[in-house]
Amino acid sequence: MRSALMPMQFPSLAGRRAVPLKNGRSDRTEVDMRLGSLLVEAKLTEVGFQTRATAIVEAYRDFDAVFDRDRLPRVEIPTRVG
């Protein structure tokens with residue numbers, strides 16, 4: 001996956017976008033910035049984003065094009081019982 005960045009482009013607020021999932025559906029999300037055709041999402045400070053079930057994260061269509069899954073940390077996520 002490549003982004004077409006042109007010289008002298010300036011970032012802009014991107015607003016709501018549909019991010020494609022592997023099953024053909026999409027996840028509607030607020031994208032923080034747009035630079036050409038590149039969409040940037042800054043989730044690092046949002047509560048609850050640091051850990052997410054593997055099946056949810058890997059459902060994004062372009063996950064493998066963006067991330068090296070072998071280098072991502074894995075943690076056990078506690079589940080509620082009761």
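These numbers come from a predicted model, not from an experiment. Residue numbers start at 1 and run along the sequence shown.
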Can you tell me how far apart OG1 (Thr29) and CZ (Arg17) are? Round to the nearest 0.5 Å.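 Thr29 atom OG1 to Arg17 atom CZ measures 11.0 Å (nearest 0.5 Å).
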
Asn23 side, atom CG; Tyr60 side, atom OH - distance, nearest 0.5 Å: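 Going from the CG atom of Asn23 to the OH atom of Tyr60 covers 11.0 Å.
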
So which heavy atom on Glu30 is nearest to which on Gly15, and how close?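 Looking at all heavy atoms of both residues, the closest pair is OE2-CA, 3.6 Å.
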
Least distance between heavy atoms, Pro11 atom then Leu35 atom: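 Closest approach of Pro11 to Leu35: N-CD1, 3.7 Å.
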
Neighbour count above 12 (heavy atom, 6.0 Å) for Arg25 CZ: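 Count not over threshold, so no.
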
Carboxylate-amine/guanidinium proximity below 4.0 Å for Glu58 and Arg69: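 Arg69 and Glu58: salt-bridged.
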
When you measure from the side chain of Arg61 to the backbone of Phe63, do you find a donor-acceptor pair of N or O atoms at a distance under 3.5 Å?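 Such a contact is absent between Arg61 side chain and Phe63 backbone.
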
Would a single hydrophobic cluster contain both Leu21 and Ile56, if residues Ile, Leu, Val, Met, Phe, Trp and Tyr are joined by side-chain heavy-atom contacts under 4.5 Å?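 No.
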
May I ask whether Leu72 and Val57 are part of the same hydrophobic cluster, defined by side-chain heavy atoms of I, L, V, M, F, W, Y residues being less than 4.5 angstrom apart, directly or through others?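 Yes, one cluster joins them.
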
